[in-house]
Amino acid sequence: MAASAQMKILPEMFQGNGCASLDDTKSTVSKVQTRTERFQERVRKHISENYSEFMTNHTSPDIFLEESSSLGREINDLLETVGTEGLAALNGSSQKLADNSRELRELMLGLQVSEHILRIDELFQYVEEAKGTKDYLVVLDLVGSLRSLIYGEGEATSQDVMRVFQALECYETIKVKYHVQAHLLQQNMQERFDRLVQLNCKSYPNSKCVTLLVSKEEAQLQDIVVALFQERYNPVKLCEFLLENCIEPLILKPVGVECNDNAEAGTYIQLSLSYSTKESGTATATATATAANSTATGTQLRPNYKQVLEHFTLLLQTLSGINHSVSSTQHVFSIIGDHVRDRMMQLLVNECLIPAVPETMEEYQTSTLCEDVAHFEQFLADSFLINPDVDRGLSQFIEQYETYYRNRLFSRVLESTREIIQRDLQEMVLVAPNNLSTDVTGDPFLFPRCMVSKSAQDFVKLMDRIMRQPTEKVGEDEADPLAGVIGMMLQTYIDEVPKVHKKLLESIPQQSVLFHNNCMYFTHWVAQHANKGIESFPALVKTLQATGANHFRVQVTYQTSILMDIMDGFEFESPHTLGTGPLKLVRQCLRQLELLKNVWQNVLPDKVYNSTFAELLHSFTNELVRRVFTQRDISATMASDVSDLIDVVLEKAPKLFREAHKVHQVRSWMKLQQLKTMMNASLKEITELWCDGAGPLTANYKADEIRFLIRALFQDTDRRAKAITQIV
């Protein structure tokens, strides 16, 4: 029953679709199959001639594409005739007809593969036509379409078609032809780009000349640039040339720059750069014109930052013709920036901008560095060379400008400080010439007349200049960039001078005296500027005073030791005569003091000089007195000789002072005078001078000493014994 029902349905179904019977359908399918096979054979021959045997073939793929479309429509009509329901009926009634339906679908797949290959062939022909018109953007689009068809990157091609297509013998040949076309396109675009944008560099023994020529044919330049950069162009060579031959020299060297907007008969813009390739700072003739605007750093000339920014801007403006958009997110300069940005920003900040930070307040007040850098950063951002939100090198420089300035200022001051410290202390000048000791005594705020090192005077001038620096530009919330500079300078002086001049301070008396005066001079200066906010003011004053005094004390102690070394040889020739030796030693000590006077008297302040020489003379005279008291027996002749010896001291010592009466500051001066008196006095006179402990001798001598001297001077008699009993 079911079979008879199906046979009844089929004629009705086929009649509704234009086929009177199953036989008619079979006949139609057979005819379409035959025509399709013949068509495929012709297509196969066309593909074989083009992609296997590479024979000359002038047949257009358009003819095959039209025929393929016609056959495709007929097969689709037949497939619609034998629908799903009809196919089920056919399966039940006629397996032969069902097989024909499947064959139609296979024919359709083969036809689609043929059509896919023909479209590829058609695109290859279009590529050749577009290359003839040098329309590179069209060629680029066609090559992109070829790639999509060959590698199945588009969604329009079914997976079944790609599976069959990639299994064909011609597939590898088509791929090779595609890659050849893509390579030729890249090569042609590069050659065209190189004609429109010419980058040349000529090297000489000591210099280099770089020339950039950019075509003014904007339309052609835009087409070739956009096409080139869209075709996976590798700009490494271009970027390396710009970085090595243009960007780095513009930042690091004085560069001669010439721009010509009408080069090559007005068809090109030309930019010429010339610069020295020597490592030393001697610029070649090509860069001489720019040397005046450069700063010498070590042995290398550094261009002025304004000149660098100006030349950099000119370079980018010259190349602006190639800076076109190649995608929704990229311009040519942003691609170039990916390769040069890090090195460019590093050099720009470290080698150009930081060295351009002012070193003095005067420069700081007039500097427009921050404004110039902000404008330049905006220019780079507008040119798409940097992304200011990501590439913040210039912004960070502006943010840290105050820190850079403070560091530069400190560095400059410290450099000047160290240079002054290295100078010879011996070169000296007179300061406060009108401030006599009497004036200073009445006004402790006056600095006494004395000599200081010329370097110390220069040091004070440097501190004065720093204190005079204007601070109007410093805001209320900003730290004073000069805070702590004076303290740093003085501490450096205190620490470094004893190291740098160590040997001279130890061996040359005048050096230590000058260093002492220098420290006192600085102390006075700090005290005068106590209201200027000098940090650690009290500690500085104490440190300066202690440092100067300590080194001076070392020298005074050393000079005392010299006198004591001389006096070590002081010996009486015999119990009865002094001999010539002691007199020679005394005269040697006085000569040593005379020499010291010559180098100290005009250098030290009078008060310091007097007190120092009083101390030295005290040590000397006290030792002389002590030596006399070592003699247990002093004859009349020896006493006379000792008196004469003391006379020499009493005569010469006052001459060591500018005012002779200042010798009375020597603590043992009266003691020495009294010793001379006792050398010439009788026993009675000595006892009267003691006067039962109330006489003048008691001011400098003890009773034991007087009794010892009486025993040495006088013979043992009742009168001596009586006199000794009176010395209590």
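None of the values given here were measured: they were computed from a predicted structure. Residue numbers count from 1 along this sequence.
The structure places NZ of Lys662 at 11.0 Å from OG of Ser611, a figure rounded to the nearest 0.5 Å. Put simply, CZ on Phe459 and CG on Asp464 are 11.5 Å apart, with the number rounded to the nearest 0.5 Å. The distance from atom CG of Leu505 to atom NE2 of His551, rounded to the nearest 0.5 Å, is 5.5 Å. Within the model, atoms CZ of Phe657 and CD of Gln665 stand 6.5 Å from one another, a figure rounded to the nearest 0.5 Å. In this structure, the separation between CG on Leu650 and CG on Leu672 is 5.0 Å, given to the nearest 0.5 Å. Here CD of Glu571 is found 9.5 Å from CD of Gln631. Values are rounded to the nearest 0.5 Å.
Annotation for Thr698 and Ala694: closest pair CG2-N, 4.1 Å, computed over non-hydrogen atoms. Closest heavy-atom contact between Phe522 and Met463: CD2-CE, 4.2 Å. Contact between Met520 and Leu544 at its shortest, heavy atoms only, is CE-O, 3.9 Å. Of all heavy-atom pairs spanning Leu645 and Pro582, the tightest one is CD1-O, 4.1 Å. Closest non-hydrogen pair, Met679 versus Ser643, comes out as CB-CB, 4.1 Å. When all heavy atoms of Ile706 and Met678 are compared, the closest pair comes out as CD1-SD, 3.8 Å.
Salt-bridge formation is detected for the pair Arg626/Glu623: a Lys NZ or Arg NE/NH1/NH2 atom is positioned less than 4.0 Å from an Asp or Glu carboxylate oxygen. Contact check on Glu362 versus Arg465 returns no salt bridge, with no Lys/Arg side-chain nitrogen under 4.0 Å from an Asp/Glu carboxylate oxygen.
Counting only heavy atoms from C-beta outward, the side chains of Gln559 and Gln592 approach each other to under 4.5 Å. No side-chain heavy atom of Asn700 sits under 4.5 Å from any side-chain heavy atom of Arg667. Under the 4.5 Å side-chain criterion, counting only non-hydrogen atoms from C-beta, Ile508 is not in contact with Val599. Inter-residue side-chain proximity for Phe570 and Val586 is flagged as met; some heavy-atom pair is nearer than 4.5 Å. In this structure, the side chains of Val628 and Ile634 come closer than 4.5 Å at one or more pairs of heavy atoms. The side-chain heavy atoms of Trp669 and Pro654, taken from C-beta on, include a pair separated by under 4.5 Å. With contacts defined as side-chain heavy-atom distances shorter than 4.5 Å, the pair Phe515/Gln555 does not qualify. Side-chain contact between Leu616 and Trp600 is present, with heavy atoms from C-beta onward closer than 4.5 Å.
Note on residues 448-461: pairs passing side-chain hydrogen bond (donor to acceptor under 3.5 Å, both in side chains), not counting sequence neighbours, are Arg423-Asp458, Ser453-Asn518, Lys454-Asp458.
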>> As a quick check of understanding, evaluate side chain to side chain contact (heavy atoms under 4.5 Å, CB included) for Val663 and Phe613, giving each step before the final call.
In response: CA-CA 9 Å; Val663 76; Phe613 261 70; over 6 Å; no

>> The test is side chain to side chain contact (heavy atoms under 4.5 Å, CB included); show your working for Leu617 and Val649 and say whether it passes.
In response: CA-CA 10 Å; Leu617 277 170; Val649 177; 5.5 Å; no

>> Using the rule given for side chain to side chain contact (heavy atoms under 4.5 Å, CB included), can you reason through Cys589 versus Met567, listing the C-alpha separation, both sets of side-chain angles and the distance that settles it, and then say yes or no?
In response: CA-CA 8 Å; Cys589 287; Met567 292 298 290; 3.8 Å; yes

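Between Tyr364 and Tyr401, the ring planes are parallel. Angles under 30° get that label, and only those over 60° would be called perpendicular.
Within a 6.0 Å sphere centred on CD of Glu594, other residues, nucleotides and ligands contribute more than 12 heavy atoms. Under a cut-off of 6.0 angstrom, the local environment of NZ in Lys306 is crowded, with over 12 non-hydrogen atoms contributed by other residues, nucleotides or ligands. The local environment of CZ in Arg658 is crowded, with over 12 non-hydrogen atoms from other residues, nucleotides or ligands closer than 6.0 Å. Around CZ of Arg587, the count of heavy atoms belonging to other residues, nucleotides or ligands within 6.0 Å does not exceed 12. Counting non-hydrogen atoms of other residues, nucleotides and ligands closer than 6.0 Å to CE of Met670 gives a total of 12 or fewer. No more than 12 heavy atoms of other residues, nucleotides or ligands shown are found within 6.0 angstrom of NZ on Lys652.
For Lys722 and Thr687, the side-chain atoms include no donor-acceptor pair closer than 3.5 Å.
Each of Leu514, Val513, Thr547, Thr557 was checked for a side-chain contact (heavy atoms from CB on, under 4.5 Å) with Phe552, and the lone residue meeting it is Val513. Across Asp641, Asp644, Val648, a single residue satisfies side-chain contact (heavy atoms from CB on, under 4.5 Å) together with Leu583, and that is Val648.
Between the side chain of Glu705 and the backbone N or O of Phe629, no donor-acceptor pair lies under 3.5 Å. No donor-acceptor distance shorter than 3.5 angstrom exists from the side chain of Glu496 to the backbone of Thr492, with no hydrogens or angles considered. Although no hydrogens or angles enter the test, the distance criterion places a donor-acceptor pair under 3.5 Å between the side chain of Trp690 and the main chain of Val728. Arg408 places a side-chain N or O within 3.5 Å of a backbone atom of Pro355 that can act as its donor or acceptor partner. With hydrogens and angles disregarded, no donor-acceptor distance shorter than 3.5 Å links the side chain of Ser668 to the backbone of Lys671. Asn517 places a side-chain N or O within 3.5 Å of a backbone atom of Met451 that can act as its donor or acceptor partner. For the pair Asn610 (side chain) and Asp606 (backbone), a donor-acceptor distance under 3.5 Å is present. Looking at Ser682, its side chain does come within 3.5 Å of a backbone N or O of Glu685 through a donor-acceptor pair. The backbone N or O of Leu683 sits nowhere less than 3.5 Å from a side-chain atom of Arg719 that would complete a donor-acceptor pair. Without hydrogens or angle criteria, Arg711 side chain to Arg632 main chain gives no donor-acceptor distance under 3.5 Å.
Every residue two or more places apart in sequence or in another chain that forms a salt bridge (charged side-chain N to carboxylate O under 4.0 Å, His left out) with Arg720 is listed here: Asp716.
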